[in-house]
Amino acid sequence: MEWASWSDFWHMGGYGFYVWGSYGVTAVCVAIEVLLLKRAAGDTRRRLKRMRQWEEQ
Amino acid sequence: MNLYTYASPANFYILAGKLIPWFAWGAGLFTAWGLYIAFFLAPTDFQQSEAYRIIFIHVPAAWMSMFIYLVMAFWGAIGLAFNTRLSFMMARALAPTGAIFTFIALWTGAWWGKPMWGAWWVWDARLTSELILLFLYVGIIALWAAIDDIKRGDRAGSLLTLIGAINVPIIYFSVKWWNTLHQGASVSLTKAPSMAATMLQGMLILAIAAWLYTIAVAMARVRRIILERERQSEWVKALLEKES
């Protein structure tokens, strides 16, 4: 283990801003991609179902 | 049942639906394992202190940005040569994730460059060619979005992907061909890696996580594309009927 405490861990030897700036933005990018994908999947299904209903009328 | 069964969008739709959870969970597990190594097992670097820990996302993201592009070019070439529907759908499904990894590689590079080089950005060959890769991804996605005719769009986008593929070896070898501020490859196929074994291990595990993640999201995206394109077919109609 490299860290004496949690504050030591967040501090990252003085480079916390850069390390967490990198990891944080990466996490946000991944989260946004997954969320958009989930939402888009639902939207597509709903739209196709609506189109089906119109066609049947 | 043979391998070609899954070249049919209807069958691939079902197969992908079953595989996505496995790849997603795999990606999660490998990410947790890789991050544990990255932050708790990998030692402090004697030159860069803790700032070097950015490498654990920077390098896998940069690898993915190039790999995904090559895979897209491969599917584009198959689609152009054999006119297989699913190939073009695969190419389209991969592009957004490739663009995201390119952005992450550039972003983490900037946040690593600032403390180590004193600059967020320099116009050296490695950084510039990677930025061109981002523009290629964005350009290809925009081209696909701009052409309403699906078949024409598929062909135009794949052609652009293939032409742009020349940029990938330029990125990879840029640190050899030109004098760059960016360091040379720490890991290569021909010589022993110039880093501690735990660091390499963490990087490789996170690279596997990135692969699993890419497969999961690309499959999710390709399923949506399949539904859109096959909406007039009987199997999609039956599928939607069953759900509602």
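Basis for what follows: all heavy atoms, side chains included, without hydrogens, waters or symmetry-related copies. So that the names make sense, note that chain A is the first sequence line, chain B the second, and so on, each numbered from 1.
- Of all non-hydrogen atoms in A:E33 and B:P96, the two that sit nearest each other are OE2-C, 4.4 Å.
- Sorted by first and then second residue, the ring pair (Phe, Tyr, Trp, His ring centres under 6.0 Å) pairs with a member in residues 202-228 of chain B read B:F67-B:W211; sequence neighbours excluded.
- Taking chain A as the reference chain and counting heavy-atom pairs below 4.5 Å, the highest number among B:K237, B:K114, B:R223 is found for B:K237.
- Separation of atoms CG (B:L240) and CG (A:L48) is listed at 5.5 Å; rounding is to 0.5 Å.
- Judged purely by atom type and a 3.5 angstrom limit, B:W107 uses its side chain to pair as donor or acceptor with the backbone of A:G21.
- Heavy atoms closer than 4.5 Å to chain A are found in both the backbone and the side chain of B:T97.
- Contact annotation for A:Y15: only side-chain heavy atoms (C-beta onward) come within less than 4.5 Å of a heavy atom of chain B.
- Proximity of a side-chain donor or acceptor of A:W3 to a complementary backbone N or O of B:F39 within less than 3.5 Å is detected.
- For B:W25, the CH2 atom is loosely surrounded, since the number of other residues' heavy atoms within 6.0 Å does not exceed 12.
- Heavy-atom distances place no part of B:A24 under 4.5 Å from chain A, backbone and side chain included.
- The pair B:E228-A:R45 fails the salt-bridge criterion, with no side-chain N (NZ, NE, NH1 or NH2) lying under 4.0 Å from an Asp/Glu carboxylate O.
- Among residues 48-57 of chain B, the residues having any heavy atom closer than 4.5 Å to a heavy atom of chain A are, in sequence order, B:Q48, B:S49, B:E50, B:A51, B:R53, B:I54, B:F56, B:I57.
- Most heavy-atom pairs under 4.5 Å with chain B, from the set A:T44, A:D43, A:V34: that is A:T44.
- Annotation: side chain of B:W112 is not in contact with side chain of A:V19 (no heavy-atom distance under 4.5 Å).
- Taking the charged nitrogens against the carboxylate oxygens, B:E241 and A:R52 do have a contact shorter than 4.0 Å, which makes a salt bridge.
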### Task
May I have the step-by-step check of side chain to side chain contact (heavy atoms under 4.5 Å, CB included) for B:W111 and A:V25, ending in yes or no?
CA-CA 10 Å; B:W111 285 61; A:V25 170; 5.7 Å; no

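- For a residue to count as touching a neighbouring chain, one of its non-hydrogen atoms must lie under 4.5 Å from one of that chain's; by this rule B:A38 touches chain A with the side chain only.
- More than 12 heavy atoms of other shown residues, nucleotides or ligands fall within 6.0 angstrom of atom CH2 in B:W121.
- Both the backbone and the side chain of A:F17 come within less than 4.5 Å of a heavy atom in chain B.
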